[in-house]
Amino acid sequence: MTEAPSRAPLPPALSTEEAAELAARHGLRTLSERPPLGRYLADIWQRRSFVWTLASAESYAKNEDNRLGQVWAVLNPLVLIASYYAIFGLLLRTHRSASTTSSASSPSAW
């Protein structure tokens, strides 16, 4: 059998101060802190191509099983609006205005 090559010894561990100085030198930030709004928006703007690609891929993956594909993402809300209008607007004849003088809401009915 052949022997495994010997590994170089590991460097000594960094102290907390040394690690913080090394991270600051390379522009690293703590993951648990929220960046200021300006820096956050700048980061999003720099990564806008990635955000667009990710959103497009998720949308295509979500609708790939539908025969209508991406059209269904627009058509579905329109069908819901039409059905709500037909049910509540035409069949039940409900109106937008609500009566504020009903007997249940008047103080004299209490």
Side-chain angles (χ1 to χ4, degrees):
M1 294 192 74
T2 60
E3 287 187 29
S6 62
R7 295 184 179 174
L10 295 175
L14 297 175
S15 68
T16 306
E17 294 81 21
E18 291 172 331
E21 189 273 325
L22 183 64
R25 187 173 357 137
H26 292 284
L28 301 176
R29 300 185 302 255
T30 305
L31 289 177
S32 62
E33 75 180 26
R34 181 174 286 175
L37 181 62
R39 187 186 321 157
Y40 177 76
L41 292 176
D43 288 346
I44 292 294
W45 183 253
Q46 288 176 349
R47 294 171 177 89
R48 65 187 178 274
S49 177
F50 171 75
V51 171
W52 180 262
T53 303
L54 180 64
S56 298
E58 286 180 355
S59 179
Y60 284 119
K62 180 181 176 185
N63 294 311
E64 71 180 343
D65 293 336
N66 296 330
R67 289 188 181 191
L68 295 176
Q70 293 297 311
V71 176
W72 183 246
V74 175
L75 193 60
N76 186 22
L78 294 177
V79 169
L80 285 174
I81 290 170
S83 63
Y84 286 147
Y85 173 74
I87 293 170
F88 294 107
L90 300 177
L91 296 177
L92 298 178
R93 296 184 184 170
T94 56
H95 301 286
R96 283 188 149 179
S97 61
S99 175
T100 59
T101 59
S102 68
S103 61
S105 63
S106 66
S108 63
W110 299 341

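Hydrogens, waters and symmetry mates play no part in the numbers below; they use all other heavy atoms, side chains included.
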Has the side chain of Thr53 got a donor or acceptor atom that lies under 3.5 Å from a matching backbone atom of Ser49? yes

About how many Å separate CD of Gln70 and NZ of Lys62, when rounded to the nearest 0.5 Å? 10.0 Å

Separation of Leu78 CG from Ser83 OG (nearest 0.5 Å): 10.5 Å

Side-chain heavy atoms nearer than 4.5 Å, only ILVMFWY residues, links allowed to pass through others: does that put Val79 and Leu68 together? yes

Tell me, yes or no, whether the heavy-atom count around Arg48 atom CZ, taken from other residues, nucleotides or ligands under 6.0 Å, exceeds 12. yes

same_hphob_cluster(Leu80, Tyr85) at 4.5 Å side-chain heavy-atom cutoff: no

Using a 6.0 Å cut-off, check whether atom CZ of Arg25 has over 12 heavy atoms from anything other than its own residue. yes

